[in-house]
Amino acid sequence: MTDIAARWAELEERVARACAVVGRSAGEVAILAAVKTRPPEQVVEVLAAGARVLGHNRAQELAAVEPRVRELWPGGYETHFIGALQTNKVNQVLRHATCVQSVDRIELAGKLSAAACRLERTVEVFVEVNASGEPTKAGVAPEEALDLAGAVAALEGLRLRGLMTIGANSPDPGVVRAGFEEMSRLSAELVGRSATAGARELSMGMSGDLDLAVAAGATMVRVGTALFGPRPS
Ligand SMILES: *Cc1c(COP(=O)(O)O)cnc(C)c1O
């Protein structure tokens, strides 16, 4: 077994344990492999280990890596874009990804919608929320998230899957947990509205905080270093 395969198996167990603690079933939580900075060969290893969702952060890296990965591992997985997205990179990203998790403004959603219509495709999206309020983080403010999500869901060519966040950068688990719990409340409110009732997903939790995210209701965790080891600096 390769290191990556062993880490994938450990990660699945970790997610299953985090689910068990709160009485959830492990099948409720998907694992996205965050592949930024990793070469195509390592990305293929994680697919071989069982990953079925990949997440990229940079448009240029996505365009360089994804075609090579497809060649080595043709199909059977989803590619998501999870990084900051400039509107002038929308077309490049949509050549390689089916889902954009980092929709944080209506202008970007409008560009994605226009591109989806032009391509005669449905583009899946998550609305990214800055639940921690940290100024360095992307994402719409929690109090504006539901309005943005409603507007995004109404755009042609887009399918809103749910909400996404990056956990608070704090050594205090209480602070991190509070952010995830706020996301869970927002998600429940979103699903309670008829126009967005199908947008049930909640993408939150990374290598350092996924247990707290799963406890708060995450349906997808996004994991890089716990699978691939530390990123090259
Ligand atoms: C890198 C990244 C992750 C994974 O982070 P790790 O700490 O390496 O697990 C998750 N989400 C986003 C948006 C990222 O950029």
Side-chain angles (χ1 to χ4, degrees), residues 3-4 6-15 18 29-39 42-43 45-47 49-66 69 77-86 89 93 96-105 108 124-140 145 161-171 173 175-177 179-180 183 201-233:
D3 286 356
I4 288 175
R7 292 201 199 100
W8 175 265
E10 274 169 35
L11 178 62
E12 282 194 317
E13 277 173 36
R14 181 174 164 197
V15 169
V29 181
I31 301 172
L32 172 148
V35 301
K36 58 177 172 274
T37 75
R38 314 298 176 177
Q42 285 189 17
V43 177
E45 270 188 58
V46 87
L47 289 168
R52 291 297 172 261
V53 190
L54 305 179
H56 279 269
N57 282 73
R58 294 178 191 87
Q60 229 170 337
E61 195 177 290
L62 169 67
V65 171
E66 174 60 21
V69 172
Y77 65 94
E78 292 175 31
T79 302
H80 292 200
F81 193 79
I82 61 174
L85 180 52
Q86 294 169 283
K89 299 280 172 65
V93 162
H96 306 285
T98 57
C99 179
V100 175
Q101 294 204 8
S102 44
V103 175
D104 59 356
R105 57 200 192 281
L108 173 58
E124 300 180 333
V125 295
F126 288 68
V127 163
E128 181 174 359
V129 182
N130 185 355
S132 69
E134 289 163 22
T136 53
K137 278 204 167 74
V140 63
R161 286 178 58 164
L163 304 177
M164 181 272 233
T165 199
I166 296 175
N169 185 12
S170 167
V175 171
V176 179
R177 181 183 299 115
F180 290 150
M183 290 297 296
E201 292 183 65
L202 193 45
S203 171
M204 59 186 192
M206 318 200 319
S207 297
D209 59 15
L210 70 87
D211 316 84
L212 294 170
V214 167
T219 66
M220 185 183 292
V221 294
R222 306 179 310 270
V223 181
T225 48
L227 283 173
F228 298 105
R231 272 183 289 279
S233 50

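Order of listing sets the numbers, starting from 1, for every ligand and every atom in it. The first residue in the sequence is number 1, and the count goes up from there.
- Annotation for ligand 1: atoms under 4.0 Å from non-hydrogen atoms of Thr225 are 6 (P), 7 (O), 8 (O), 9 (O).
- In this structure, Glu61 contributes its side chain and Thr37 its backbone to a donor-acceptor pair below 3.5 Å.
- Interface of Asn57 with ligand 1, defined as ligand atoms under 4.0 Å from a residue heavy atom, comprises 14 (C), 15 (O).
- A side-chain donor-acceptor contact under 3.5 Å links Ser207 to the backbone of Ala226.
- In this structure, Ser170 contributes its side chain and Val176 its backbone to no donor-acceptor pair below 3.5 Å.
- In terms of protein heavy atoms, atom 5 (O) of ligand 1 is closest to Met206 CE, 3.7 Å.
- Set against the non-hydrogen atoms of Val223, the atoms of ligand 1 under 4.0 Å away are 9 (O).
- A salt bridge links Glu78 with Arg161: the closest approach of a Lys/Arg side-chain nitrogen to an acidic carboxylate oxygen falls below 4.0 angstrom.
- In terms of modelled atom types and a separation under 3.5 Å, the side chain of Ser102 and the main chain of Ala84 share no donor-acceptor contact.
- Contact annotation for Gln101 and ligand 1: no heavy atom of the residue comes within less than 4.0 Å of the ligand.
- Protein heavy atom closest to atom 1 (C) of ligand 1, with residue, atom name and distance, is Lys36 NZ, 1.3 Å.
- Remark: the backbone N or O of Asn169 is paired with a side-chain donor or acceptor of Glu134 at under 3.5 angstrom.
- Atoms of ligand 1 lying under 4.0 Å from any heavy atom of Arg222, numbered from 1 in the order shown and given with element: 4 (C), 9 (O), 10 (C), 11 (N), 12 (C), 13 (C).
- Only side-chain heavy atoms of Ala34 come within less than 4.0 Å of ligand 1; its backbone N, CA, C and O stay farther off.
- Any N or O atom pair closer than 3.5 Å counts here, and Gly224 shares at least one such pair with ligand 1.
- Closest protein heavy atom to atom 9 (O) of ligand 1: Ser207 OG, 2.5 Å.
- From the protein, the heavy atom lying nearest to atom 13 (C) of ligand 1 is Ile82 O, 3.5 Å.
- Judged by distance alone, the side chain of Lys89 and the main-chain N or O of Arg58 form no donor-acceptor pair under 3.5 Å.
- At distances below 3.5 Å, at least one donor-acceptor pair connects side-chain atoms of Arg52 with backbone N or O atoms of Leu47.
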